[in-house]
Amino acid sequence: MEASSASSSSSSSSSSSSSKGFMENVEQPHVLAVDDSIIDRKLIEKLLKNLSCKVTTAENGLRALEFLGLGDHQNSSLEGNISKVNLVITDYCMPGMTGYELLKKIKESSLMKEVPVVIMSSEYVPKRINKCLEEGAQMFMLKPLRQSDIKKLRCHLMKLERT
């Protein structure tokens, strides 16, 4: 019998204690998932919710910027969203605005530049990957994402929080 298991019995998560602390000081991290494919958006949402994340989805970069309060025609009244997002995960290839362009817009914002951005793509193009990492992406992940990818992401972000 473990005494520690009794304290976590109210948790709906059946995973081990290693799933706690996606970002240590955040009880339920809020992730903005951006992808033009509804199937991929639903998959990412499900994988993140399995790790007790709050998930907001957007179908393109412009919608993501609107949600973040960084849209061209927005006033400062939406800046409240900024503090609520702990991570942005976005597809690279999307119509209108690529994930790379979204990354650049986020990193140019004085209010948003500290929020980690993860780029994902179904294509393995080293030049593209390096360009995104140089621009400030925390990680580049290949699709389709699996639960193990999201766990790896969580571990990576936990290390960032400790530094």
Exercise. Out of curiosity, does Met94 fall in the hydrophobic cluster containing Tyr124 (side-chain heavy atoms, cut-off under 4.5 Å, transitive links)?
Worked result: yes

Side chains of [X] and [Y] in contact at under 4.5 Å (non-hydrogen atoms):
{"X": "Leu87", "Y": "Leu153", "value": "yes"}
{"X": "Glu59", "Y": "Ile38", "value": "no"}
{"X": "Leu32", "Y": "Thr56", "value": "yes"}
{"X": "Val88", "Y": "Val31", "value": "no"}

Could you state the interatomic distance from [atom1] ([X]) to [atom2] ([Y]), rounded to the nearest 0.5 Å?
{"X": "Leu43", "Y": "Lys46", "atom1": "CG", "atom2": "NZ", "value": "8.5 Å"}
{"X": "Arg63", "Y": "Leu102", "atom1": "CZ", "atom2": "CG", "value": "14.0 Å"}
{"X": "Leu111", "Y": "Leu68", "atom1": "CG", "atom2": "CG", "value": "11.0 Å"}

For this session: Tell me, please, which residues at least two apart from Lys49 pass side-chain contact (heavy atoms from CB on, under 4.5 Å).
Result: Glu45, Val55

Exercise. What do the steps show when you test Leu145 against Ile89 for side-chain contact (heavy atoms from CB on, under 4.5 Å), and what is the final call?
Worked result: CA-CA 11 Å; Leu145 295 184; Ile89 184 166; 3.9 Å; yes

Exercise. Are the side chain of Gln147 and the backbone N or O of Leu47 linked by a donor-acceptor pair below 3.5 Å?
Worked result: yes

Exercise. So, does Asn60 use its side chain to make a donor-acceptor pair with the main chain of Asp36 at under 3.5 Å?
Worked result: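 Not confirmed, Asn60 side chain does not pair with Asp36 backbone.
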
For this session: Using the salt bridge (Lys or Arg N to Asp or Glu O under 4.0 Å) rule, collect all pairs that involve residues 85-110, keeping only residues at least two apart or in two chains.
Result: Asp91-Lys143

Exercise. Angle class for the Tyr100/Tyr92 ring planes (parallel below 30°, perpendicular above 60°, tilted otherwise)?
Worked result: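 Aromatic pair Tyr100/Tyr92 classed tilted.
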
For this session: Search all heavy atoms of Ile119 against all heavy atoms of Gly99 and return the closest pair with its distance.
Result: CD1-O, 3.6 Å

Which atom pairs, donor and acceptor, lie under 3.5 Å between side-chain atoms of residues 125-134 and protein residues at least two apart or in another chain?
residue	atom	partner	partner atom	Å
Arg128	NH1	Glu123	OE1	2.8
Arg128	NH2	Glu123	OE1	3.2
Asn130	ND2	Pro126	O	3.3

